[in-house]
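Presented below is the structure to which this report refers.
Given the structure is predicted, the values throughout are model-derived calculations rather than measurements.
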Amino acid sequence: MVRLKELDVLRGIAAINVVLFHYTAKFRLNFGHNYPQKYDWNIGQYGVELFFIISGFVIFMSLQGKTTIGDFAYKRFSRLYPTYWICMILTFLIIGLAQDPKIESQPAAVFAMNLTMFQGVFNVKNIDGVYWSLIPELFFYVSMGVLFQLGWLSKVRTIAMVWLGLMIANSLFKLPFGAYFLNLHYGMFFMAGILFYQIKFAKGDWHEHLLICFCFLAAVLEHPGMTLFYVFVFIFLLFYLFVYNQLKILTWRPFIFLGYISYPLYLLHQNIGFVWMRIMGRYIHNEYLLICITIVLIVTVAWLVTRFLEKPVLHFLRNLRVQRQGYTNALQKQK
């Protein structure tokens with residue numbers, strides 16, 4: 001699958017927004033800041049919704065062409081789980097060693113449950129709060145795998161109408177069951193990503209544009225508020241710029257780099273950053289400087305994990321599957 005630089009730019013924009021939100025507004029909420037609250041980057045938390053649209057686009061793209069449900073599942077597992085385990089272990093160890101009374105360390109049973117990535121389904125605490133967003137991602141992957149296996153992915157418009165209808169109905173009337181597992185709270189963003197793919201690569205027409213409008217409507221109904229309205233307008237317009245090749249002006253190396261390390265950066269930055277800020281805050285009294293130093297530190301750690309752990313492990317696992325498939329094919333030919 002071709003890696004698009006513009007998608008890395010969008011990942012980079014989403015990642016740095018989430019980081020800034022946690023180190024400003026979220027840190028203030030948990031521990032307090034001395035600088036004026038008006039400088040907090042509250043809207044950065046909605047970088048997660050941009051990540052969801054990117055996922056919708058990328059996952060649908062990965063299911064085009066010659067692939068199998070086994071290949072899809074293996075690629076998703078090898079992409080998500082090893083890096084998640086590495087980052088979770090680092091976070092668990094650092095929180096445990098810090099012994100900060102305001103940053104709760106979790107027992108071994110919670111750690112073990114977090115290894116599944118499904119802990120949120122069972123109301124088990126996350127080792128790091130950012131893990132909440134992995135559940136909507138996993139539900140989306142499962143649903144896409146099921147639709148692919150059933151041969152229904154060609155019916156994108158029908159899927160969009162049914163799914164968006166359920167989302168809007170849930171926002172207006174609160175369906176009695178199924179909203180969590182059917183991804184009705186965040187599915188509109190994944191669906192928008194699929195529709196954007198159709199416009200960019202499958203010659204989508206006014207139907208796709210209209211359905212994207214309904215994705216936007218579902219988003220503002222489920223997540224009301226004028227600030228969110230403007231944020232969602234920006235996110236959707238940003239993706240339209242990407243679809244129509246108008247984002248090349250933003251293919252700035254720092255954004256591409258942040259996109260490259262975005263998964264470890266997202267998984268590592270919150271609690272490890274909080275521990276560092278709590279310790280170094282005793283010695284660095286300029287909070288703006290402290291936030292900048294923390295960002296540099298966590299970006300460095302994320303790059304080290306990406307460069308020396310995530311990519312080598314991913315490369316090894318992907319090659320292992322190719323070798324096993326080659327061995328299996330050779331045995332079949334001998335028969």
With rounding to the nearest 0.5 Å, note down the distance linking [atom1] in [X] to [atom2] in [Y].
| X | Y | atom1 | atom2 | value |
| --- | --- | --- | --- | --- |
| Thr67 | Phe72 | OG1 | CZ | 8.5 Å |
| His185 | Ser171 | NE2 | OG | 8.5 Å |
| Ile54 | Arg11 | CD1 | CZ | 6.0 Å |
| Trp303 | Ile298 | CH2 | CD1 | 15.0 Å |
| Phe140 | Arg76 | CZ | CZ | 10.0 Å |
| Leu50 | Asn17 | CG | CG | 8.5 Å |

Honestly curious: do [X] and [Y] fall in one hydrophobic cluster under the side-chain, below-4.5 Å linking rule?
| X | Y | result |
| --- | --- | --- |
| Trp206 | Leu237 | yes |
| Leu90 | Leu314 | no |
| Leu29 | Leu290 | no |
| Phe122 | Leu138 | yes |
| Phe21 | Tyr46 | no |

Would the distance check show the side chain of [X] and the main-chain N or O of [Y] forming a donor-acceptor pair, the cut-off being under 3.5 Å?
| X | Y | result |
| --- | --- | --- |
| Asn170 | Leu184 | no |
| Trp276 | Leu297 | no |
| Ser78 | Lys75 | yes |
| Asn114 | Val110 | yes |
| Asp40 | Asn42 | no |
| Gln246 | Phe242 | no |
| Asn271 | Ile127 | yes |
| Gln323 | Leu320 | no |
| Gln99 | Gly96 | yes |
| His315 | Lys311 | no |

Looking at Phe239, Phe190, Tyr244, Phe201, which hits ring pair (Phe, Tyr, Trp, His ring centres under 6.0 Å) with Phe196? Phe239

Do Lys200 and Asn245 have side-chain atoms, one donor and one acceptor, less than 3.5 Å apart?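 Side-chain D/A pair, Lys200 to Asn245: present.
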
Is it the case that Tyr266 and Ser133 place a side-chain donor and acceptor less than 3.5 Å from each other?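 There is such a pair between these side chains.
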
Between [X] and [Y], does the ring centre distance come in under 6.0 Å?
| X | Y | answer |
| --- | --- | --- |
| Tyr180 | Phe139 | yes |
| Tyr23 | Phe27 | no |
| Phe229 | Phe216 | yes |
| His209 | Tyr240 | yes |
| Trp132 | Tyr186 | yes |
| Phe189 | Phe232 | yes |
| Tyr84 | Tyr131 | yes |

Checking side-chain contact (heavy atoms from CB on, under 4.5 Å) for the pair Leu134/Leu267: CA distance, chi angles, key distance, verdict? CA-CA 10 Å; Leu134 298 175; Leu267 294 174; 4.2 Å; yes

List the atom of [X], the atom of [Y], and the distance in Å for their closest heavy-atom pair.
| X | Y | value |
| --- | --- | --- |
| Val124 | Met113 | CG2-CG, 3.8 Å |
| Cys215 | Leu195 | SG-CD1, 3.8 Å |
| Pro264 | Thr306 | CG-OG1, 3.2 Å |
| Tyr141 | Ser55 | OH-OG, 4.3 Å |
| Leu164 | Met188 | CD2-CB, 4.2 Å |
| Ala15 | Leu265 | CB-CD2, 4.0 Å |

Decide salt bridge (charged side-chain N to carboxylate O under 4.0 Å, His left out) for Lys5 and Asp8; before the verdict, give the C-alpha distance in whole Å, the side-chain angles of both, and the deciding distance to 0.1 Å. CA-CA 5 Å; Lys5 283 186 178 180; Asp8 275 334; over 6 Å; no

Take atom [atom1] in [X]; do more than 12 heavy atoms of anything else shown fall under 6.0 Å from it?
| X | atom1 | value |
| --- | --- | --- |
| Tyr263 | OH | yes |
| Tyr35 | OH | yes |
| Phe77 | CZ | yes |
| Leu172 | CG | yes |
| Phe234 | CZ | no |
| Trp41 | CH2 | no |
| Phe308 | CZ | yes |
| Trp252 | CH2 | no |

Do Gln119 and Thr116 pass the side-chain contact (heavy atoms from CB on, under 4.5 Å) test, and can you show the C-alpha distance, the side-chain angles, and the key distance before you say yes or no? CA-CA 7 Å; Gln119 62 274 7; Thr116 68; 4.1 Å; yes

Are Lys26 and Gln270 close enough, and set up right, to give a side-chain contact (heavy atoms from CB on, under 4.5 Å), and what steps lead you there? CA-CA 9 Å; Lys26 183 64 173 176; Gln270 183 173 268; 4.3 Å; yes

Non-hydrogen side-chain atoms of [X] and [Y] separated by less than 4.5 Å:
| X | Y | value |
| --- | --- | --- |
| Glu287 | Asn34 | yes |
| Met117 | Met88 | no |
| Phe118 | Val121 | yes |
| Val275 | Leu97 | no |

Please determine if Arg318 forms a cation-pi arrangement with Tyr74, meaning its NZ or CZ atom is less than 6.0 Å from the six-membered ring centre and no more than 45° off the ring axis.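 No; the conditions do not both hold, so Arg318 does not lie above the ring face of Tyr74.
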
Show the numbers, then the answer: is there a side-chain contact (heavy atoms from CB on, under 4.5 Å) between Met277 and Ile291? CA-CA 8 Å; Met277 290 173 71; Ile291 290 169; 3.9 Å; yes

Return the orientation label for the Phe92 and Phe111 ring planes: parallel under 30°, perpendicular over 60°, tilted otherwise.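 Ring orientation of Phe92 relative to Phe111: tilted.
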
Walk me through whether Asp71 and Arg321 qualify under salt bridge (charged side-chain N to carboxylate O under 4.0 Å, His left out). CA-CA 9 Å; Asp71 286 338; Arg321 182 165 177 81; 3.0 Å; yes

